Student: 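Dumping the structure here so I can ask a few things about it.
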Amino acid sequence: MNHFTKLAAATLLAGVTAGAAMAQELYAPNLSYRTGPFAATGIPLMNGQADYLAMLNARDGGIGGVPINAEECETGYSTEKGVECYEKTKGAAIVTQPWSTGITLQVLPKTNVDNIPILAPGYGFSPMADGTVFQWAFNMPAGYWDAADMIVQYMESEGSLDGKKVAFLHLDHPFGKEPLPVLEMHAESKGFELVPIPVGLKEMQNQSAQWLQIRRERPDYVVMWGWGAMNAGAITEAVKTKFPMDKFIGVWWSGHDADLKIVGEDGAGYKSISWSFPNMDAPVMAAIKEHVIDAGNTMSNEEEMQGVFYSRGVVISAILAEGIATAQAEYGTAEINAEQLRWGLENINMTEERISELGLDGMVPPFSTSCANHTGHSGGWMLEWDGEKFVKASDLLQADVAGYQALLAEKAAEYAESNAPWPTNESCSAMN
Amino acid sequence: MLYRTAGQFKTSYQADQALFPVKQDAFLLGVILLLAWVILPMVASEFVFQALLIPVLIFSLAALGLNILTGFAGQLSLGTGAFMGVGAYACYKMVSIFPEMNLIVAILLSGFFSAAIGVAFGIPSLRIKGFYLAIATLAAQFFLVWLFEKWAWLYNYNASGAIQVPNLDIFGIFVSGPQAASITEYYVVLFVVSLLTMVCINLTRGTLGRTWKATRDMDIAAELIGINLMKSKLTAFAISSYIVGVAGALYVFLWKGAAEPNAFDIPLSFQVLFIAIIGGLGSVLGNYLGAILIVGLPVVLNLVPNALGISINSAMVEHLNVMIVGGLIVFFLIVEPHGLNQLWRLIREKLIIWPFPH
Amino acid sequence: MKDTAGYVTADGRQIGGTLMEMRNITLKFGGVTAISDISFDIHEGEIRAIIGPNGAGKSSMLNIISGFYTPTIGEVWYKGEKRPPMKPFEVARMGVARTFQNIALFEGMTVLDNVMTGRLTHMKSSILSQALWYGKAQQEEMENREIVEKVIDFLEIQRIRKTPVGRLPYGLKKRVELARALAAEPSILLLDEPMAGMNVEEKEDMSRFILDVNDEFGTTICLIEHDMGVVMDLSDRVVVMDYGKKIGDGTPQEVRADQAVIDAYLGVPHE
Amino acid sequence: MLADIFINPWIDMVEAPDFLLQVLWEGLVSGILYALIALGFVLIFRSSRIFNFAQGIMVVFAALTLVGLHAYGVPAWIAVALTLGVMFILAVTIERVVLRPLVGQPDIILFMATIGITLFLIGFGEIIFGGENKQMISAELGIPTGDTVLEPWGGLLILQHLDITVVIVATLLVAALLAFLNFTQMGRAIRALGDDHQAALSVGISLQTIWVLVWFIAGIIALVTGIAWGARAGVSFALEVIAYKALPVLMLGGLESITGAIVGGLMIGILEKLFEIYWGQPLLGGNTETWFAFVLALIVLLFRPQGLFGERIIERV
């Protein structure tokens, strides 16, 4: 027992000193989930993220000459573990990447006190778009409300939605409920009937009841907000129940190649909205191959790298790196702190030129953020599964943000009020 | 020699039934209290508060609640997580409806809601026994978590379906929510946990405690010597659920800051059960020992590879963690099925007769 | 009720009026009749025995008295009133205490705590008072502890007071069980084969305790026993059962002389 | 409201009989799998009084081993044989390392130990196989993947060949198991163990052997269940939760009754599906399958504490 306490004391001490010694790098921890029921979607994302930063470290010696420490803290997508990871890493971190809507919601209020920016690309709480209220949270390049809006636009492009029926198959979890306000809004204005069908965390792999309901309701479209093992479950059930795949549209987290490969040809026609796209010809992929893959520093593999999720991981890290670089340029120091990174993330300007400069050609649409706009609203492409891989099935769609800007502001204000005292950034519009 | 009890005579029944008839025990408790109330808060870092001290206290309390039911009254329950949820949601609704309410009062009141639900789900225990009852408590577990998800009123119709702890203050000091300092949260938790531990010690050593233990050891005999089994079991469910509910309110309001329905799902129930069993069924102290082990172990395990300079990815650490906790559970059950409490008791007995072997 | 007058025993003790009376008790489990149409009474202060070979229905009779079984037909009269159907714990609270054939102690508790459970029917402090260990709860605990200590003294088990009962030998367990029943200060004490499985020495001890209890506290005792010799010495009156029927009832001398009893029971050499 | 509860569901059923048939069929298929898992529990409980919580993870572990071996290039049927070998080693290990040292401990301790085993296997399995969702090697095992579409009453009834196979294989497995238990000496010893340890031992088979055997049989059942569920929904650790469904089956059927496990499983599979479709989704917002089986079992137990197939308990003093 004595031995044990000594060991524990030693490790604690080591942890503290290690924290002090980390000054020569930019500590950007990632609250990853390579385990648990959502690992299937998590692993390629984490690999893409890690590989891009590893590439920067290997090729450029980091960003602005300072290496990035992209340490992972495993959450297993559990909110509890996520908060633990946040607490553990926040000391030296310049950014936190919570990776789940649940964890994001929990750390959101804490970041106000700890002054650490949350980077939640394409997930989290949609009203985070309002930078005046959520000073520390970023969900660029697009939020869930954007996704819902684009999906509705796409469905409308196939014919009026008036009198139609849209089933909304979603995970019964904060993430799955996120787009409801926008979908409800559109249902009312466009005259379609919205049928929300929740999938419990426990039934992700056995959705026969949900798909029986879909069969009974006979919807014109099924829109899916799925994650992890739920996607594969839904897609196999859809094939089994002979639901027309071209009327089945998922959010960007439901567009994972591996989930579709299970059904292969039978899944052809399935669609997923996305703000990222795999382009193996993009220079960045070649750089990753050269500096990371060939050097044997990856946990990924050839097949995974061609997938949507790996490339999305790459884009996410690129956004972070761009935020860091912007901050470094503004403050004239390579070793930026969390507060400076926030400025950087607020002033990202991903133009076509910049995207091409970074070697991300065709992998992400252009977008820009500002102090008041933390989402960027990049828009996205509708991807379609052709039986073997995802292909672009539409031009770049743009969400009609104006349509729900008021709703965003209202929800953000509501949130701030129920969490009073909540600091807001009054100076924001002036600075803009 | 340190633990010599010779020479400590009791001259009244009162003295004999005092909490700590042995002086050294009282001394030890004093040291622990001093540590908990004064020394630890002075030296602890933010991380230690959040990852060790506060969760250890909260989980100890939850395990203590479960131990009343399972360890003292003999009714196995797998629904602890859901009852913690009832406490948390009750507290959330109270502070949303009465924002002026003192948080500690709200937390102590929220226990009554889980007690009521606990009694309702305890009624089957009058007819169902053993594992059948354990599975029956799973009905409470799954049903309640489902209800937390479906009943939007419970989470004030938040779009996310999660409950979020607001900033609440007592006499101008923030005690919960993101603005609260860890040390304040710690003291609130410590106060509530100390208070309820005291209550539990008193209840378990007195009339009610004997009633429960008799019910646990042999329910038929208990009934034949005049124990109303219904009352005995239902009081156990009520008091156990009360404590578990309070622990649940603390868990959300003073530790996690927010919670989704599935935070109260079965893994939480199992975690509390592990603590109670590894600590020792039918003991009060054991819950603390068990919580230190189960909460502390993953934290230490996460630090070990770093300290040894081995780089393992965090997923591997997590897998190893799960594996080691599983292995440890089996190991402890084999080494000492009566838990850490029994281990401590044996050490103490050895100390009392030390330096003689017998 | 009939026969409320007392009587004087052979050794000159004055026995009170009827305390309990069983009227036409019949007990059936499904199709099996365990007891058929038995009536007898128990007087205040006497030692009443029920004897009979295995399967005679003695234990079932005791279980009816203590409320564990409800008779299919028949009435139980207690302290001059007909006892309505009630739960075993309610019967216990009316002053009926018992021991068990296969010791039913609470193994997870100490001897002291076990005996204290015998006092539970007398303890009434509120949960709040107990939770705070203040006021009535504490006072009650001390008062009852005193009574329990008297019983412990009486049965000479002071030494093992703090020992968990699981560690005790068989004979002592039986004694602790008796202590627990006595601690309740019952009006009627039911003993289910108190000497079962004991050696001669232990049997003598137990007999002495039974007589002392009856003598010192004036407790009415109803016991079931297999061992004829002991029973004949101990008891004032004996009911003899065989195959669920009563075949004899009277003083040990009368029973011993009863031809039906001799045929059914005594005629068979035992042990 | 009352009409929604008491009248409309029945009307719905009659109006779309093809849909009702589909619901019943889906319920039947999941019910059979619940019954299989429950059977694993019952066997172990009968022979050792252990409430084996690890049965669920054994399903996952078996399926993962099979898929994992195949991924290393082992031909499908050899992989099955090797997986059976792994399950046997697992049974022996559990008996040696966990059960033997814990002989004679209270039920709850053994129950906790199986939860420990569960955690251990989760961690171990994730290290070896990884957490991502994998595809069951259905085609390689020759499990048919097509479907048959029937049109009763002009409606639509889709029967997956996979599901039909599951039903047939499960039925055969149960039949084989019953034959083993009733007609072999080993089997009789296992059954006797449930009633009387001494009697069983006097047959001349050691307790250890029986335990290993029983855990191995539970492992075989786990593999079959794992293949079946895996083929339906992919193989990952999320599968583990289906094992919870076996618990209310046990409550309904009784912990020791083999018939109970089978009938209880089918009952719960069908009833929960009917309830979810006709009452849960329209009235309660869906997802009632998480708790329906438990609540149903609880209510039944309130009236029959021994379960549907247990023998009536007569308490004695």
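Lettering of chains follows the sequences in order, A, B, ..., and the numbering in each one begins at 1. Computed from a predicted model, the values in this text were never measured in an experiment.
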Student: Return the CZ to CG distance between R216(A) and D12(D), rounded to the nearest 0.5 Å.
Tutor: 6.0 Å

Student: At a 4.5 Å cut-off on heavy atoms, which part of A209(A) comes close to chain D: side chain, backbone, both, or neither?
Tutor: both

Student: Where does N287(D) contact chain A at under 4.5 Å (heavy atoms): side chain, backbone, both or neither?
Tutor: both

Student: Please determine whether the number of non-hydrogen atoms from other residues, nucleotides or ligands lying under 6.0 Å from atom CD of E388(A) exceeds 12.
Tutor: no

Student: To the nearest 0.5 Å, what is the distance between CD on Q281(D) and CD on Q210(A)?
Tutor: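 One finds 6.5 Å between CD of Q281(D) and CD of Q210(A).
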
Student: Check whether any side-chain heavy atom of K242(A) lies under 4.5 Å from a side-chain heavy atom of D147(D), and answer yes or no.
Tutor: yes

Student: Is I122(D) close to chain A through its backbone or its side chain, or both, or neither, when contacts mean heavy atoms under 4.5 Å?
Tutor: neither

Student: Against chain A, label V149(D) side chain, backbone, both or neither, depending on which of its atoms sit under 4.5 Å from a heavy atom there.
Tutor: side chain

Student: Rounded at 0.5 Å granularity, tell me how far CE in M136(D) sits from CD1 in I262(A).
Tutor: 11.5 Å

Student: Could you check which of T236(A), V199(A), I235(A), T41(A) has the highest count of heavy-atom pairs closer than 4.5 Å to chain D?
Tutor: V199(A)

Student: Nearest heavy-atom pair of P198(A) and G285(D): which atoms, and what distance?
Tutor: CG-O, 3.5 Å

Student: To the nearest 0.5 Å, how far apart are CZ in R215(A) and CG in D18(D)?
Tutor: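 Reported to 0.5 Å precision, the distance equals 5.5 Å.
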
Student: So for atom CZ, which belongs to F124(D), do other residues, nucleotides or ligands contribute more than 12 heavy atoms lying within a distance under 6.0 Å?
Tutor: no

Student: Taking the side chain from Q213(A) and the backbone from E276(D), do they hold a donor-acceptor pair closer than 3.5 Å?
Tutor: no

Student: Please round to the nearest 0.5 Å and tell me the distance separating atom NZ of K273(D) and atom CG of L212(A).
Tutor: 6.5 Å

